[in-house]
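Reviewing the structure listed below.
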Amino acid sequence: MRAASLDVLAVGNAMLDVLVRTEDAWLAAQGIEKGVMTLVGEAQAAALHGKVAPAAERSGGSAANTAAGLASLGGRAGYIGRVRDDEAGAAFRRDIRAAGVHFETPAALSGAATGRCLVFVTPDAERSMLTMLGAAAEIEPADIDEDAAAAATVTYLEGYLWDAPAAKAAMVKLADAARTAGRKVALTLSDPFCVARHRETFLDLIVGRVDILFANEEEILSLTGGADLQEAANMIVGMVETAALTRGAEGALVVSGKERQAVPAAPVARLADTTGAGDLYAAGFLHAYTRLRPLAECAWLGSLAAARIIEQMGARPTASLAGLPAAAVAGPSLGALSGASPGASCAGM
């Protein structure tokens with residue numbers, strides 16, 4: 001097998017994130033369900049965008065956030081996602097390349113506009129998302145770079161893409177290219193509602209093509225039908241090589257064969273915005289994983305990266321995370337293990 005030129009190649013919905021600070025009452029008045037991601041049409045997204053004063057606008061999307069986080073940690077990351085040849089698409093391309101991520105997917109010359117995600121953040125740091133997928137949902141097998149998958153240690157699939165048939169075919173094509181080349185395939189389940197919509201086909205994908213699974217507690221219980229996390233972990237371990245199951249402030253449980261690693265959440269000095277916690281957890285985990293580090297260290301680096309991102313507004317690091325891998329080698333502090341650590345615990349994963 002030839003040496004990998006990328007640590008991780010991610011594929012997902014390429015979105016422009018519009019971050020807005022608001023109150024619970026405003027969400028209720030607009031009929032926005034708190035704490036979940038809701039798909040909306042282009043007209044509704046534009047109307048709501050016109051009602052708010054954004055705190056920030058930047059390129060985003062779950063898998064793109066993971067790729068940017070991995071690059072900030074010092075990893076070699078690539079990304080595949082569909083944008084239009086419009087202003088938002090050009091901004092997405094500039095931003096993700098500026099983050100150090102290899103992105104070469106050509107802009108679409110026709111079809112829907114570049115996708116947009118309105119992220120409403122309430123004072124408790126919870127985020128509620130209205131997502132207009134646009135061009136992102138139109139990704140198709142022709143957009144897939146099989147050579148890039150063959151050159152990446154891990155190909156990382158975003159579960160949100162599983163909604164559209166053409167995008168589903170693109171994911172399968174990418175996973176097959178990676179496995180044919182002897183590489184690993186990772187999948188994030190993305191969202192409980194996504195799991196509920198596609199449980200059976202997700203299981204087919206996982207059993208046949210996935211080596212590493214990322215899921216939070218609600219997602220893994222929905223996928224497996226397990227009565228609790230331990231039962232779900234026992235069920236999923238027979239399907240994948242490794243599963244990282246996050247529990248918000250309770251940390252994470254990582255399972256691989258007979259190995260079980262319960263790793264606490266990293267301490268958080270000031271909780272600002274839970275957006276991106278799961279994305280950065282995956283970035284930290286995969287950064288350590290691609291360097292053949294022990295599973296406990298993979299999970300701890302994931303926790304450190306997630307904690308760092310929720311101390312700021314937005315899902316992309318505003319400061320380099322390059323120092324975190326060295327900190328992860330020492331493992332959790334005694335304070336974090338005992339629950340005596342200062343500040344809040346890492347939530348939102």
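Remark: side-chain polar atoms of S128 are paired, donor with acceptor, to backbone N or O of G35 under 3.5 angstrom. The closest donor-acceptor contact from the side chain of S190 to the backbone of Y160 lies under 3.5 Å. Distance alone, capped at 3.5 Å, places no donor-acceptor pair between the D176 side chain and the K173 backbone. Distance alone, capped at 3.5 Å, places no donor-acceptor pair between the K184 side chain and the D211 backbone.
Between D163 and K168, no side-chain nitrogen of the basic residue sits less than 4.0 Å from a carboxylate oxygen of the acidic one, so the salt-bridge criterion is not met. A salt bridge does not link E42 to R116: none of the charged nitrogens lies less than 4.0 Å from a carboxylate oxygen. The residues R199 and E219 are annotated as not salt-bridged, no charged nitrogen and carboxylate oxygen being separated by less than 4.0 angstrom.
Counted within 6.0 Å of CD on E231, heavy atoms from surrounding residues, nucleotides or ligands total more than 12; the atom is thus considered enclosed.
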Note to self: Pair D7, R291 - check salt bridge (charged side-chain N to carboxylate O under 4.0 Å, His left out), show working.
What the structure shows: CA-CA 9 Å; D7 296 319; R291 281 151 180 76; 3.3 Å; yes

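In terms of heavy-atom proximity, V8 sits nearest to A152 at C-CB, 4.4 Å. In this structure, M132 and M15 approach most closely via the heavy-atom pair O-CE, 3.2 Å. Shown here for A67 and A10, the closest heavy-atom pair between the two residues is CB-CB, 4.4 Å.
Ring geometry, F285 versus Y289: the interplanar angle falls under 30°, so the pair is classed parallel (tilted spans 30 to 60°). Note: F103 and Y79 have tilted aromatic rings, judged against thresholds of 30 and 60 degrees for the angle between ring planes.
Side-chain atoms of R316 and S59 form a donor-acceptor pair, as typed in the model, at a separation below 3.5 Å.
Under the 4.5 Å side-chain criterion, counting only non-hydrogen atoms from C-beta, I32 is in contact with L130. Considering only heavy atoms from C-beta on, T155 comes within 4.5 Å of L157 through its side chain. Proximity of E158 to V11: side-chain heavy atoms (C-beta onward) are nowhere separated by under 4.5 Å.
Following chains of ILVMFWY side-chain contacts shorter than 4.5 Å, one cannot reach F214 starting from L223, and the two form parts of different hydrophobic clusters. If you chain together hydrophobic residues whose side chains sit under 4.5 Å apart, I206 and Y156 never meet in one group.
One distance of note links CZ of R58 with CD1 of I96; it measures 13.5 Å at 0.5 Å rounding. To the nearest 0.5 angstrom, I310 atom CD1 is 13.5 Å from Y281 atom OH.
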